[in-house]
Amino acid sequence: MTEVAEIEWRRRRPSNTSRLPLPEQTFMGYWTIGQSRNGMQKLLCPAETHHIDVKGPALLNIQEYPIERHEGRSQTFTEECASKLPLDEITLICDIATSHENEENTLYVVACNPVSLYFMNMTGKSGYFVDLFDIFPRTVSGVWHPFVTVAPLRNPLKGQVILHEQQSNVILLLDTTSQVLHRLILPSEEFTLKKTSWWNKEEAATYKMCKEFVHKNWLVFYKEKGNTLAVLDVLEGRTHTTSLPINLQTVFLVAEDKWLLVESKTHQKYLLTKPAHIESEDRGVCQLYVLKEELPSTGFAVTQETDFSIPHKISSHQLSSENLSSAVGQKIASPNRILSDENSYATVVVGFPDLMSPSEVYSWKRPTSLHKSRVTDTLYGGKKKIGTPKQSNCVTLLDTNHRILPPGEIPPKDVIPPQIAGYIEVTDLQSKRLRHIPIPGSDFLSPYTTWLSTILDTDALLAEWGKGGVVTVDMGGRIRLWETGLEHLQWSLMERRNMIGREGDRLMQITINRESGEDVSSPKHGKEDPDNMPHVGGSTWAGGTGGRDTAGLGGKGGPYRLDAGHAVYQVSKAEKDAVPEVVKRAAREMGQRAFQQRLKEIQMREYDAATYERFSGAVRRQVYSLRIILDNLAKGKERQWLRHQATGELDDAKIIDGLTGEKAIYKRRGELPPQLGSPQQKPKRLRLVADVSGSMYRLNGVDGWLERSMEAVCMLMEAFENYEEKFKYDIAGHSGDGYNIALVPINKIPKDNKQRLEILKTMHVHAQFCMSGDHTLEETEHAVKEIVKEEADEYFVIVLSDANLRYGIHPAKFAQILTSNPQVNAFAIFIRSLGDQAASLQRTLPAGRSFVAMDTKDIPQILQQIFTSTMLSSVKKCPLSSR
């Protein structure tokens, strides 16, 4: 990572992120594939092949829901961007998995209580939900806590996933495309769901699924303390079952043909390989070798007892020769694997698993081991010791190890920051650095804490996301994508700087690199491409970018904007300014004619319920919240006698107090804020100022904030319906065409959904056809002056802005206008920001006069804060009538 990018990353990282050097590596000894415990060189394990028994199909209902996405880098440079799952408060996350195919990244999240599956393409706008309650009921024969893992398959089985329940060993195949569910029954399956109860001390059997090679459409199943391995080939519909002479604790698929097995009692490691000769393959057997762990001082001939530790994760891929040499500090080219356990940040085994000669083991040791034994509260104040959680939360990416640690495992261990679900520990073997990235706490946690503790020891799950990052899902359903690789962070930082410039005191802007070198002629709409292919430059196609004369984006000389959904190539400002005035005038006239024609079409069209529901449905909860706020507002101000004054008329009731030296013995007439619930004499007056400038349309395909602004206006119109006696409101817009653009006049409030939809369409059309320019200050100043011309109880002006004050506008001037009339409560809500512009502008404006709402769901709370603050400030300014 370059020095500049390193400084930028350090400056923008979360304040409680730790960054430490890795300890020196330690040579731990050798892994030697030696003789078995019976003195044999190897053990032959028989294998059998059978066909799978398929039950079903059963049809399922897959529901769609909108994704609420928050892009952290829209405000500052960070490792994180987030979205949220629609979970119930009692739901627990069991497992997460990712699928990367054809540049599509799909996330699968399986939950329990009840069992359900969520999946989504993270670049899309919708997620999908499958309720599996009928397949896995919440309770079966007493206390039963289902634990389901998920494994997405690949081509030609794309869109299909395997679901596995660990106690009942139920294996399901779900086709998310056809919405069909099948059950797969293995020939060796022992389906014995034991009846368990709280007094039954016998531990239920646990079945595990290994999915390291699920991208090749096969998985491995085994039973803890069992002695068989079952390979499920989903594509061929067959299983290969291998019988072992040992009882299994855990299995790691370190390669397609080599697996590391750990025995349950002694934790002795074994290497299981496919036969080396064709003759053996015909016999259907596998080879089992004992793997000895020897200390450096013993040599190969002497056996010394070693404390065997169970790895939490072993990679199925190897470091490149360059990265391996850098990690161990010597030039070397050899097969290798990375593992992590409770005693080390990372361990590299050089030579394993391909070489039969002794493999060297290098480790980066922890100062203290991670705690495995945990205690939880039980009924009647008792304590119960619980074992290792079912999820290890470890991921290996190229040359880095990732795991999630509880807050108490990060030094200083006696200081646990609030609202932290855990830390992503990133062990980078190239830079020799250790990072701890805090994961924000969950919005809520399930009350089933004992059940939760059996799943994991933190509040979030971890999975691989591409080559340079990971994904976490916390127990509140918050999904976060983390870019953790330093090379990927450097690349993303450079891309961000090219997009919005450096942060700090300098203004940020979109970098323009394209020069067309072509002259304009006359404006025209252009030809429509029936295939909607991207067109860059030229003067033929409508909806192109960086061209001339035609309707599109990023070009020059065209009559109006037209977004066809493609990447935008922008010509320079100098080229746009060089367009002759006669062409600009012709383009403007053609744009005005098209605008007026579109307005007529909007008014003549029938009501489109689906389009209106798109905006109304996105803010339905916010409308409900806002209406509750309106119901509870203070009513009005009343003129009455104010007592306990230092000046005014003598208060007869205070004569005795005056003789004792009391000064506040006078009364006078004045306005007093009423108590909550008192009748309101005059309506409150509100004007909403909306930005309908061309930049909103131009960048809507990038950040969608023109549609967010339309949602905010929709929310206001629906919330204020039937509150005309309490509030009189109007909505005005501003753009390059000017200010005071009447969207909702005060005497023409929309009465139904059709009229509200016409207003929303008018906003969209105006932003498409208007001239470039900015009239934020003029519209705000006009609104502050005009609103007081009508008598009202209180006056509010709320400006929706994108925090990008262009054309030489200084924030100090904006601040002066907001506070120009003490009668008017004027506020700015920034609903879009390039970089941290909104936060920077907010710091320059008077305190309490500006807010940042990067999501429309935050606007009701902001309006509540605005109304409450004005009510409290009026109480402070007005003396009390009684003590």
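We use all heavy atoms of the structure for the numbers below, so side chains are in, but hydrogens, waters and symmetry mates are not. Quantities reported herein were computed from a predicted structural model and do not represent experimental measurements. This chain uses plain numbering: 1 for the first residue, then up along the sequence.
Here the closest heavy-atom approach between residue Met696 and residue Leu706 is recorded as O-CB, 3.5 Å.
Between Phe129 and Tyr118, the ring planes are tilted. Angles from 30° to 60° get that label. Relative orientation of the Phe827 and Phe851 rings is tilted, given thresholds of 30° and 60° on the angle between their planes.
Ser693 and Asp691 are linked by a side-chain donor-acceptor pair at a separation below 3.5 angstrom, with hydrogens and angles left out of the test.
The salt bridge (Lys or Arg N to Asp or Glu O under 4.0 Å) check on Lys751 picks up nothing, with sequence neighbours excluded. With sequence neighbours excluded, the residues satisfying side-chain contact (heavy atoms from CB on, under 4.5 Å) with Ala719 are Val623, Leu626, Arg627. For Arg756, the side-chain contact (heavy atoms from CB on, under 4.5 Å) partners at least two apart in sequence or on another chain are Tyr612, Met717, Glu718, Glu721, Pro750, Asn753.
The environment of Tyr624 atom OH is sparse: at most 12 non-hydrogen atoms of other residues, nucleotides or ligands sit within 6.0 angstrom. The environment of CD in Glu64 is crowded: more than 12 heavy-atom neighbours from other residues, nucleotides or ligands sit within 6.0 Å. Taking a 6.0 Å sphere around NZ of Lys761, one finds it holds more than 12 heavy atoms contributed by other residues, nucleotides or ligands.
The backbone N or O of Asp774 sits nowhere less than 3.5 Å from a side-chain atom of Tyr739 that would complete a donor-acceptor pair. When atom types are taken as modelled, the side chain of Ser850 and the backbone of Pro846 share no donor-acceptor pair closer than 3.5 angstrom.
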Could you check His775 against Ser735 for side-chain hydrogen bond (donor to acceptor under 3.5 Å, both in side chains), going step by step and ending with a plain yes or no? CA-CA 6 Å; His775 287 88; Ser735 67; over 6 Å; no
